[in-house]
Amino acid sequence: MINLRLATSADLNLLQHWDEQPHVIASNPNDKWDWEVELHHKSEGREQLIAEINGHPIGFIEITDPARDDSNYWGNVAVNLRAIDIWIGEENDLGKGYGTQMMQLALERCFTDPLVTAVLVDPLASNTRAHRFYERLGFQFVEQRWFGNDDCFVYRLNREDWHHENTIVS
Ligand SMILES: CC(C)(COP(=O)(O)OP(=O)(O)OC[C@H]1O[C@@H](n2cnc3c(N)ncnc32)[C@H](O)[C@@H]1OP(=O)(O)O)[C@@H](O)C(=O)NCCC(=O)NCCS
């Protein structure tokens, strides 16, 4: 039902609109994304995706290769990892299982590369609902870490812990 496609400059208004939604701001209050730059900045270590249901966009996913991403967000980090950022645009669409399906598709995409050993996420330390969301998908807590002004929990899903069954266990 849900598919992921590459974000394009035609998504600019939509992404800016989603950025103004309180639940999106709450999950990322300090990092302003400059979408005009982001959408034109094609980088080998970064993939920006729109999730759609029947052609209707509902959310955003960014997959980076943290060792190659030129923003150097993760600092000194091992090769053959991926990192995921995710949000659903409209508050009405939260809690309907869409995020789980989006993550399943994103994880498939990450682990399709046989070299990829694990996937990282970095929710705010305060975003306890997101922690539960990632834990249900099989992610394990690694450490508490500051990224700029953000107090975050780093979670990791190793390839050997990635099973499709994990994503439907509640
Ligand atoms: C996190 C998110 C992608 C999950 O997608 P979803 O479609 O809402 O989630 P699902 O319906 O598949 O699963 C439900 C679980 O999602 C999480 N969730 C639901 N609403 C949430 C919210 N506003 N913020 C964070 N997590 C939320 C909870 O763990 C929820 O389980 P619960 O009802 O037992 O608390 C989505 O809620 C979202 O975009 N939240 C705001 C942005 C965000 O927090 N992104 C993650 C930053 S690292």
Side-chain angles (χ1 to χ4, degrees), residues 1-5 7 11 13-35 38 46-66 69 71 73-75 77 81-111 118-158 161-170:
M1 183 165 93
I2 290 184
N3 69 287
L4 301 180
R5 63 157 172 85
D11 298 307
N13 289 343
L14 181 67
L15 288 161
Q16 287 174 336
H17 166 70
W18 288 348
D19 266 3
E20 292 163 6
Q21 306 311 305
H23 67 280
V24 176
I25 294 171
S27 71
N28 184 20
N30 298 318
D31 253 349
K32 190 95 184 78
W33 293 54
D34 184 344
W35 290 110
E38 291 287 341
R46 190 182 310 183
E47 204 172 36
Q48 295 181 324
L49 304 161
I50 298 286
E52 297 179 324
I53 300 184
N54 302 326
H56 172 68
I58 56 158
F60 176 80
I61 288 186
E62 181 176 82
I63 301 176
T64 58
D65 176 340
D69 176 37
S71 75
Y73 177 82
W74 287 84
V77 68
L81 298 173
R82 294 291 181 268
I84 295 181
D85 265 326
I86 177 172
W87 59 88
I88 285 174
E90 302 290 345
E91 193 175 2
N92 274 346
D93 287 332
L94 296 173
K96 294 181 174 171
Y98 298 157
T100 301
Q101 290 183 56
M102 286 164 64
M103 278 299 287
Q104 286 171 338
L105 292 171
L107 292 169
E108 290 270 3
R109 210 169 172 108
C110 293
F111 286 124
V119 174
L120 304 173
V121 292
D122 62 330
L124 291 176
S126 59
N127 195 350
T128 52
R129 296 192 74 186
H131 303 165
R132 204 156 58 223
F133 173 74
Y134 292 129
E135 285 162 10
R136 268 197 215 108
L137 287 156
F139 282 82
Q140 291 181 345
F141 175 78
V142 177
E143 60 174 345
Q144 187 161 2
R145 175 176 167 185
W146 287 89
F147 290 93
N149 293 323
D150 292 331
D151 183 12
C152 295
F153 279 10
V154 175
Y155 279 86
R156 177 181 175 115
L157 177 67
N158 292 319
D161 297 329
W162 173 59
H163 301 297
H164 300 277
E165 307 87 81
N166 278 341
T167 57
I168 41 179
V169 173
S170 63

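What you see is a predicted model, and the numbers here were worked out from it, not measured in a lab. Counting starts at 1 for both ligands and their atoms, in listed order.
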The one among [options] that brings a heavy atom closest to [atom]:
atom	options	value
atom 45 (N) of ligand 1	I58, T128, I86, D85	I86
atom 13 (O) of ligand 1	D93, V121, T100	T100
atom 41 (C) of ligand 1	E135, H23, Q104, E90	H23

Original post:
Are I84 and V119 close enough, and set up right, to give a side chain to side chain contact (heavy atoms under 4.5 Å, CB included), and what steps lead you there?
Top reply: CA-CA 7 Å; I84 295 181; V119 174; 3.7 Å; yes
**OP:** With side chain to side chain donor-acceptor pair (under 3.5 Å) as the test, would you mind laying out the steps for R156 and N158 before giving the verdict?
**Re:** CA-CA 6 Å; R156 177 181 175 115; N158 292 319; 2.7 Å; yes
**OP:** State whether the shortest distance between N or O atoms of G97 and N or O atoms of ligand 1 falls below 3.5 angstrom.
**Re:** yes
Original post:
When you look for heavy atoms under 4.0 Å from ligand 1, do you find them on the side chain of S27, its backbone, both, or neither?
Top reply: side chain
Subject >> Part of Y134 with heavy atoms under 4.0 Å of ligand 1, whether side chain, backbone, both or neither >> reply: side chain
Subject >> Residues D150, L124; criterion side chain to side chain contact (heavy atoms under 4.5 Å, CB included); working and verdict >> reply: CA-CA 7 Å; D150 292 331; L124 291 176; 3.8 Å; yes
Identity and distance of the protein heavy atom lying nearest [atom]:
atom	result
atom 34 (O) of ligand 1	R136 NH2, 2.8 Å
atom 29 (O) of ligand 1	R129 O, 2.6 Å
atom 35 (O) of ligand 1	R132 NH2, 2.5 Å
atom 5 (O) of ligand 1	G99 CA, 3.2 Å
atom 8 (O) of ligand 1	G95 N, 2.8 Å
atom 16 (O) of ligand 1	F133 CD1, 3.7 Å
atom 24 (N) of ligand 1	N127 OD1, 4.0 Å
atom 37 (O) of ligand 1	L94 CD2, 3.4 Å

Original post:
Yes or no on salt bridge (charged side-chain N to carboxylate O under 4.0 Å, His left out) for D122 and R145, after CA distance, side-chain angles and deciding distance?
Top reply: CA-CA 9 Å; D122 62 330; R145 175 176 167 185; over 6 Å; no
Original post:
Under 6.0 Å from the CG atom of N149, do we count more than 12 heavy atoms belonging to anything else shown?
Top reply: no
Original post:
Does the gap between the ring centers of F139 and Y155 come in under 6.0 Å?
Top reply: no
**OP:** Indicate whether any N or O donor in one side chain lies under 3.5 Å from an N or O acceptor in the other, for Q21 and E91.
**Re:** no
Original post:
Would W35 and D19 count as having a side-chain donor-acceptor pair, cut-off 3.5 Å?
Top reply: yes
Subject >> Proximal atoms of ligand 1 relative to A130 (non-hydrogen, under 4.0 Å) >> reply: 25 (C), 26 (N)
Subject >> Sub-4.0 Å atoms of ligand 1 with respect to non-hydrogen atoms of W87 >> reply: 39 (O), 42 (C)
Original post:
Got W33 and Q16 here, is their nearest side-chain heavy-atom distance under 4.5 Å?
Top reply: no
**OP:** Grab the two heavy atoms, one from G59 and one from W18, that are nearest each other, plus how far apart they are.
**Re:** N-CH2, 3.2 Å
